[in-house]
Protein chains: 2
Amino acid sequence: MAGVTPKTVSRALNDAPHVSKAVRQKVKEAAAELDYLPNLAAQSLIARRSYLIGLTYERPSPSYVVDLQNGALGRLEDGRYRLVVLPFAHVASRPDELGRLLLRAGLDGVLLAPPACDQPVLLDMLERHKLPFGRITPHSELDRGIVVTMDEAAAGHAVAAHLLSLGHRRIGIILGDPSHAASVGRMEGYRRAFGDAGATIDERLMVTGDFTYDVGYSAARELLGLAPRPTAILAQNDDMAAAAIAAARDLGLAVPGDLSVAGFDNSEVSRTAWPQITTINQPVRQMAWDAADRLIAALDGKSDVPGPKRRDHAHELLVRASTAPPPD
Amino acid sequence: MAGVTPKTVSRALNDAPHVSKAVRQKVKEAAAELDYLPNLAAQSLIARRSYLIGLTYERPSPSYVVDLQNGALGRLEDGRYRLVVLPFAHVASRPDELGRLLLRAGLDGVLLAPPACDQPVLLDMLERHKLPFGRITPHSELDRGIVVTMDEAAAGHAVAAHLLSLGHRRIGIILGDPSHAASVGRMEGYRRAFGDAGATIDERLMVTGDFTYDVGYSAARELLGLAPRPTAILAQNDDMAAAAIAAARDLGLAVPGDLSVAGFDNSEVSRTAWPQITTINQPVRQMAWDAADRLIAALDGKSDVPGPKRRDHAHELLVRASTAPPPD
DNA sequence: CGAGAATCGGTAAACGTTGACATAAAACTA
DNA sequence: TAGTTTTATGTCAACGTTTACCGATTCTCG
């Protein structure tokens, strides 16, 4: 590009003023010809931003992870920002390590899924280093950072109320990982629903799982071995609900004829299971989109007009084929 | 850090020589104290690398995506490189667009899952711009770039031979998306297996799907509506196999009593379905790990010692509860 | 036609780090 | 002790852009 300074090239490609149409055109053609692409590191250096957004999660369920990612990516799709995935196991036991990982990743901002979004130590670190963050369905300290929530207790209430309204009273409960605040919130909703129905929760019918299929299976076997057997099982996610269905079938029980099963999350497995599982749709995609949207707005300095830093999304009870009135 | 030049700080933190122990110690303490982190953009600028690895995929199946990611991340876990996810729909119809996306993302290297890994136009672009790439299970031009493969035809042979050896002869086939070369390779294996068993494929029992549950369901309904009904269904992935099981049940057929079903991929759904689905384990995680490993070796200039650029991984037939001899 | 404004192109400096090289100090060697 | 090597520290420039600023040219309008 003889006789043209880098400055002029920059101006031409960025559609900045002070360049004649002729030169701009010539530069653009030459750039295309030579496969020229501006160096992102140099741009980052001067702009003091990396145009990288991080996403950290722990939950193993593939469909949850993919929903999160797709939601965030949907908002990033113009290609200006890029999404870096940073899964991290056992946040609860070493939040500072995750903090260091995130801070060293050179991000402009980060999206935190549960349970990382509820780690005060982590939030402290991010705030101290002024790394903006969006929290997806946190359960505590809702005034810190950008927050996107769903009322887990209300959702838990809805699914429990559904079983109760069908007439079930002996209802087994398979809890998720107790270190996830979601587990607590959902349980709270279950309790309220039982109270509203004038029923009481039999603590002997509560088993702690960890959101995985395998542990869910053992938990279900345990519940189904009790006498009298529960007529329904409330699982705190769909993987465990699918496991409960498999356990019932392995014992020769029909679902929902002998046992109703309800899950939580509207994950892939709830649709591919047979019968399809009654569950709660958590709008994970939308929430991730929303969190990314507001995070980027903040990064781009448009946060003057944003409205509330917190936004709530509605759950949805999906009644499918795995629940029915109790036998007799 | 009075009286110490940036150069010295750089040397101290990078454990470079020419720094006294005392100064190094002091610098490190001060860095920790002040929460100092070197600017990655500046480092990238001078090193001429971004320490970003891209991962592009199209297949919608969540467990496949997560396996890919986790495999690659497993190799990247020291935190030196970061993983950027760049899903892209319909590569076949606009490979150049994906190419531009990848080239503009400022990556040091990129991992290509099917079907992107089989797009010559894309490979041309990447080679022209000297962006190193690792291809996960490509089916053509196996001499370009870093290649990690599995013998899809052999795997297809194995699963088809399993059904044939159980005595099935009327076998329905649900194909995946024909634009994925995997679909072709698997089909080739099915054909060989039929040939080896002295059986022939009834083309009327072949239906084209697209690897998704919903289309798989319709395809299965179509097959099961034929008379005489097939006694087994070979689905080209697990999502479609799960759909076939659901379709059978909705018609009142028992699996595997009335109908055997086999899938492909050993994805989550093959384990959470009931009965668990006979399938092929594609070592997606290991392949992604391997591709990342060799890509990074190439980036780090260790490619002098690498051995062959191509590596094959073995499939594994997992016989589970969804297959049995045909009725009567 | 001339004053002021808008437009065009260019130069210098900066972003934060590291490589190459120079100098100063300390540690050995004979 | 003088000479020589080793170690420590510092200076300069460079990576590839963009921002700030400056002069030169062209346009506008009284």
Side-chain angles (χ1 to χ4, degrees), chain A residues 1-52 79-82 100 103-109 129-131 299-301, chain B residues 1-52 79-82 100 103-109 129-131 299-301:
Chain A
M1 230 166 287
V4 178
T5 60
K7 173 70 257 195
T8 304
V9 174
S10 164
R11 280 202 276 239
L13 296 178
N14 294 326
D15 290 318
H18 302 303
V19 183
S20 63
K21 287 202 169 164
V23 172
R24 188 186 304 281
Q25 169 97 8
K26 212 180 73 181
V27 168
K28 285 195 172 179
E29 278 169 10
E33 175 74 24
L34 300 169
D35 291 324
Y36 169 82
L37 287 172
N39 182 311
L40 286 177
Q43 290 182 320
S44 290
L45 183 57
I46 192 157
R48 285 120 181 284
R49 26 171 86 193
S50 61
Y51 294 101
L52 292 175
R80 206 160 52 97
Y81 285 92
R82 295 160 288 170
R100 279 194 295 276
L103 292 170
R104 284 209 200 120
L107 307 169
D108 283 351
H129 287 263
K130 302 202 196 317
L131 178 60
L299 293 176
D300 289 349
Chain B
M1 232 169 286
V4 177
T5 59
K7 175 73 252 197
T8 304
V9 173
S10 163
R11 280 201 276 241
L13 295 178
N14 293 325
D15 290 317
H18 304 303
V19 183
S20 64
K21 288 201 171 166
V23 172
R24 189 187 303 282
Q25 169 95 10
K26 212 181 70 182
V27 168
K28 285 194 174 179
E29 277 168 12
E33 176 73 24
L34 301 169
D35 291 324
Y36 168 83
L37 287 172
N39 181 310
L40 286 176
Q43 291 183 321
S44 288
L45 181 57
I46 193 159
R48 285 121 183 284
R49 26 172 85 195
S50 60
Y51 294 101
L52 292 174
R80 208 160 50 96
Y81 285 91
R82 295 159 288 170
R100 279 195 295 276
L103 292 169
R104 284 209 200 119
L107 307 169
D108 283 350
H129 288 263
K130 301 202 197 314
L131 178 61
L299 294 176
D300 289 348

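Letters go in sequence order (proteins before strands), and every chain restarts at 1.
- Put simply, A/R48 has a side-chain N or O that comes within less than 4.0 Å of OP1 or OP2 on C/dG16.
- Rounding to whole angstrom units, CG of residue B/L37 and P of C/dT17 are separated by 10 Å.
- When rounded to the nearest whole Å, the span between CG of B/L40 and P of C/dC15 equals 18 Å.
- For B/Y36 and C/dG16, the shortest distance from a side-chain N or O to OP1 or OP2 is not below 4.0 Å.
- Taking every heavy atom of both residues into account, B/A42 and A/L45 meet most closely at CB-CD1, 3.7 Å.
- Computed from coordinates, the A/I46 CD1 to C/dA12 C1' distance equals 13 Å when rounded to whole Å.
- Atom CG in A/L45 sits about 12 Å away from atom C1' in D/dA14, given to the nearest Å.
- Across its full length, the helix from C/dC1-D/dG30 to C/dA30-D/dT1 shows an angle of 30° between the axes of its 5 terminal pairs at either end, rounded to 10 degrees.
- In this structure a side-chain-to-backbone donor-acceptor pair under 3.5 Å is present from B/S50 to B/G106.
- In plain terms, the two heavy atoms of B/L107 and B/L131 that are nearest each other are O-CD1, 3.3 Å.
- For the pair B/N39 CG and C/dG16 C1', the interatomic distance rounds to 5 Å; values are reported in whole Å.
- Nearest heavy-atom pair, A/R82 versus A/L40, reported as atom, atom and distance to 0.1 Å: NH1-CD1, 3.7 Å.
- To the nearest angstrom, P of C/dT18 lies 5 Å from CD of B/Q43.
- A search for salt bridge (charged side-chain N to carboxylate O under 4.0 Å, His left out) contacts involving B/R100 returns B/D96, not counting sequence neighbours.
- A donor-acceptor pair under 3.5 Å is formed between the side chain of B/R49 and the backbone N or O of B/L299.
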